[in-house]
Amino acid sequence: MMHIGLSLTPFGHHPTAWRVKSGQLDALDFSHIAAQVKKAEAGGLDFVLLADSFGERPHDDLSPLAVPFEPTMLVSALATATSRIGLIATAATHQHEPYNLARRFASLDLIGGGRTGWNVIGSGDRERDQDYLAVVSGLWGSWEDDAFVYDKARGRFFEPDKMHVLNHKGAHFTVRGPLNVDPSPQGRPVISHVLTPDTLDIAALADVVFLPETTPDAWKALAASLLERLVAHGRQREDIKLLANIVPSIGTASDIADKMQEQAAATGLDGFVVLPPIAPEGVASFVDEVILELRQRGVFRHAYDATTLRGHLGLAHPAHLERAS
């Protein structure tokens, strides 16, 4: 079954989309953005991805592709406006302390009922980024799923043996833990990353890996390099979902579906992230036409059969992995 996400922007992914739209200020309203997410949810998409162009301080101008909200704040609001679709927010490792970031995303995951993901932007320091991810992942494992028992008779709020103090001492971070947030229904947030040849080590620790917009041959080369790094980290290809970008602007729904199926089969992709040139029209037409076509071909879900982002993506619950080891 194909996995499909939506990269969310107010106007669309074409750099001049804002110039052909009327009511630009309305396009920046939360209700306009929420409407796109609700449409994607109506189509059964796995997730929406919220980029953060404002994560880097602007110099001369601001990108019209940027979402005019801090992504984690937007996820918090969208989680109350939706019920099933996954919500992935981008955050950079060099702009947040690891404990604070771990706490923020764990809180978002509770608010959304297990539908949150963290799209990692690295600092460029390979050793520091690996240390950072080890801290965040370790903090998310502070509590086993059934640690909190609220046993009034015994006066026990949680089971002490199901709390895990991190006591991390790395080259860059020393963090004791535990995290002061309960685990969500999916155990911990999903980690995603946009792969480049310089960030293979981050991608090797992720659950979902996005391939940048390029050619199928380049996808294959990047995927091969990633597989080698996965094995070095004790993981397998089955442990991740590999998605590439697609701009649905080549014609009919049948043409787009053909392209998606052909490219997925040729390159071993698990699915795609849709980049509509113009929003919200591009989102609506993709859901109403392309998703319908994919459903008729039997390669995309007719309705959600899970309640968490891990469930949508077919990723194992972290607790299962821990118990297996």
Side-chain angles (χ1 to χ4, degrees), residues 3-56 58 61-92 95 104-105 107-119 121 189-190 192 194 208 210 213 243 245-249 272-291 304 309 312:
H3 297 288
I4 301 176
L6 168 70
S7 180
L8 185 69
T9 63
F11 301 107
H13 282 270
H14 194 284
T16 62
W18 66 276
R19 298 183 65 181
V20 299
K21 301 287 289 181
S22 60
Q24 280 86 349
L25 292 179
D26 292 340
L28 302 179
D29 286 345
F30 171 73
S31 60
H32 172 85
I33 293 173
Q36 291 189 53
V37 180
K38 290 177 181 179
K39 185 64 177 180
E41 184 174 59
L45 271 62
D46 294 72
F47 60 85
V48 292
L49 172 63
L50 305 171
D52 191 15
S53 297
F54 294 161
E56 295 291 340
D61 60 0
L62 301 178
S63 169
L65 300 181
V67 177
F69 296 92
E70 193 280 320
T72 61
M73 294 292 288
L74 185 55
V75 163
S76 184
L78 290 171
T80 66
T82 58
S83 61
R84 301 299 287 273
I85 194 166
L87 304 166
I88 301 178
T90 300
Q95 293 183 322
R104 181 181 305 176
F105 275 88
S107 299
L108 289 173
D109 212 26
L110 273 181
I111 293 170
R115 295 185 289 132
T116 298
W118 170 34
N119 187 46
I121 295 181
V190 168
S192 69
V194 179
V208 180
F210 303 124
E213 188 175 358
L243 281 70
N245 292 340
I246 185 167
V247 180
S249 58
F272 297 89
V273 179
V274 180
L275 281 63
I278 297 178
E281 296 88 344
V283 178
S285 63
F286 185 86
V287 168
D288 293 339
E289 299 172 25
V290 182
I291 290 296
Y304 291 111
L309 178 54
H312 299 337

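Residues take their numbers from the sequence shown, with the count starting at 1.
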- Message: Please evaluate residues Leu87 and Ile85 with respect to the criterion side chain to side chain contact (heavy atoms under 4.5 Å, CB included), reporting the C-alpha separation (whole Å), side-chain torsions for both, the decisive distance (0.1 Å), and the verdict.
- Response: CA-CA 7 Å; Leu87 304 166; Ile85 194 166; 4.3 Å; yes

- Task: To the nearest 0.5 angstrom, please state how far the CG atom of Leu275 sits from the CZ atom of Phe286.
- Result: 10.5 Å

- Message: As an exercise, state the distance from CG of Leu8 to CD of Gln36, rounded to the nearest 0.5 Å.
- Response: 5.0 Å

State, to 0.1 Å, how close [X] and [Y] come at their nearest heavy-atom pair, and which atoms those are.
X      : Y      : value
Ile111 : Ala79  : CG2-CB, 4.0 Å
Val287 : Ile291 : O-CB, 3.2 Å
Ser249 : Pro277 : CB-CG, 4.0 Å
Leu78  : Ala34  : CD2-CA, 3.8 Å

- Item | Partner residues of Asp109 under the salt bridge (Lys or Arg N to Asp or Glu O under 4.0 Å) criterion, sequence neighbours left out | none

Side chains of [X] and [Y]: closer than 4.5 Å at any heavy-atom pair?
X      : Y      : result
Leu45  : His312 : no
Trp118 : Thr72  : no
Val274 : Pro248 : yes
Ile4   : Ile246 : no
Val283 : Val37  : no
Phe47  : Val190 : no
His13  : Ser7   : yes

- Partners of Thr82 by side-chain hydrogen bond (donor to acceptor under 3.5 Å, both in side chains), sequence neighbours excluded? Arg115

- Which residues satisfy the side-chain hydrogen bond (donor to acceptor under 3.5 Å, both in side chains) test with Ser192, sequence neighbours excluded? Asn119

- Item | side chain to side chain contact (heavy atoms under 4.5 Å, CB included) evaluation trace for Val48 with Glu41 | CA-CA 9 Å; Val48 292; Glu41 184 174 59; over 6 Å; no

- So Leu309 and Ile88, side chain to side chain contact (heavy atoms under 4.5 Å, CB included) or not? Walk me through it. CA-CA 9 Å; Leu309 178 54; Ile88 301 178; 4.0 Å; yes

I'd like to know if the side chain of [X] and the backbone of [Y] have a donor-acceptor N/O pair within less than 3.5 Å.
X      : Y      : answer
His3   : Leu243 : no
Glu281 : Pro276 : no
Tyr304 : Asp46  : no

